[in-house]
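Working notes for the structure below.
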Amino acid sequence: MKQRVVLLGPPASGKGTQAALLGATFAIPHTSTGEMLRRERAAGTALGLDADSYTRQGLLFPDSLALKVVEQWIDGRHRFLLDGFPRTVSQAQAFDRMLQERHLPLDVVYLLDLSDTEVRRRMLGRLTCESCGAVYNTQFHKITGDSPCPKCGGHLARRADDTEEALDHRLEQYHTLTAPVATHYSDLGLLKTIDVTPGRDEVFQTLYADMKEAA
Ligand code: AMP
């Protein structure tokens with residue numbers, strides 16, 4: 001079974017959803033740098049406010065910030081699912097060193113592949129619960145902006161960076177900075193590309209089948 005996994009992909013490709021499903025199925029701790037920093041922001045910490053000034057514009061926050069939260073989180077763990085990190089080649093190189101020092105080689109990197117047109121469609125329909133963090137999409141779920149969260153009754157809201165303007169930046173940053181991370185892992189023989197157009201359940205079955213296999 002694969003136990004140290006990175007999920008890469010454009011915004012709204014389902015990284016968070018798949019990481020949560022796989023994490024629960026295989027009992028592997030998972031986290032996302034975007035989510036960790038959104039929590040810091042909600043708590044009003046200096047780290048969170050700093051990160052927010054970048055993400056609101058659709059810009060990546062500095063590598064040092066991402067590395068700091070991941071290093072804190074990974075300490076003491078030997079199994080993990082990471083979503084949305086590393087997002088630049090220099091983060092990937094620093095992460096390689098971090099794992100080498102801990103004798104924790106990565107088992108696989110999944111690239112969740114989706115066209116820009118579909119990314120735009122999905123992103124503008126995305127709603128997140130402000131209480132429990134569950135993510136929904138008006139395209140796939142029977143909900144509107146006024147519905148309560150089906151899981152906990154909390155308030156559903158669009159993420160501050162799910163706007164047309166921020167999306168242009170996020171897609172540009174994805175193609176220029178994050179796409180080379182896939183090449184980095186492909187060169188290391190770790191990359192598997194999964195077309196995520198079919199939707200959540202089919203993608204989960206594909207990932208589940210692959211994760212069950214030996215690293
Ligand atoms: P996500 O929740 O993964 O979509 O991330 C939301 C936003 O946080 C991204 O658009 C980036 O601006 C920022 N972000 C998340 N992870 C990273 C990272 N590893 N490095 C730099 N910025 C990040």
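Indexing begins at 1, ligand by ligand and atom by atom, following the structure's order. Sequential numbering from 1 along the given sequence is applied to the chain's residues.
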- Message: Tell me every residue that passes side chain to side chain donor-acceptor pair (under 3.5 Å) with Asp52, counting only those two or more places apart in sequence or in another chain.
- Response: Arg41, Arg56
- Step through the shown structure and confirm whether more than 12 heavy atoms of other residues, nucleotides or ligands are within 6.0 Å of OH on Tyr208. no
- Do His175 and Asp116 have a side chain donor and acceptor closer than 3.5 Å? yes
- Just checking, is any N or O donor in the side chain of Ser90 or Asp63 under 3.5 Å from an acceptor N or O on the other one?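 Their side chains do contain a donor-acceptor pair, which is all the 3.5 Å distance test asks for.
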- Task: Check each protein residue for a heavy atom under 4.0 Å from ligand 1 and list those that pass, ordered by chain and number.
- Result: Thr33, Gly34, Arg38, Thr55, Leu59, Leu60, Phe61, Ala66, Gly84, Phe85, Arg87, Gln91, Arg159, Asp161, Arg170
- Run the salt-bridge test on Lys192 and Asp113 with the 4.0 Å N-O cut-off and return the result as yes or no. no
- Task: Mark yes or no for whether Arg158, through its side chain, and Leu124, through its backbone, hold a donor-acceptor pair below 3.5 Å.
- Result: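 Confirmed, Arg158 side chain pairs with Leu124 backbone.
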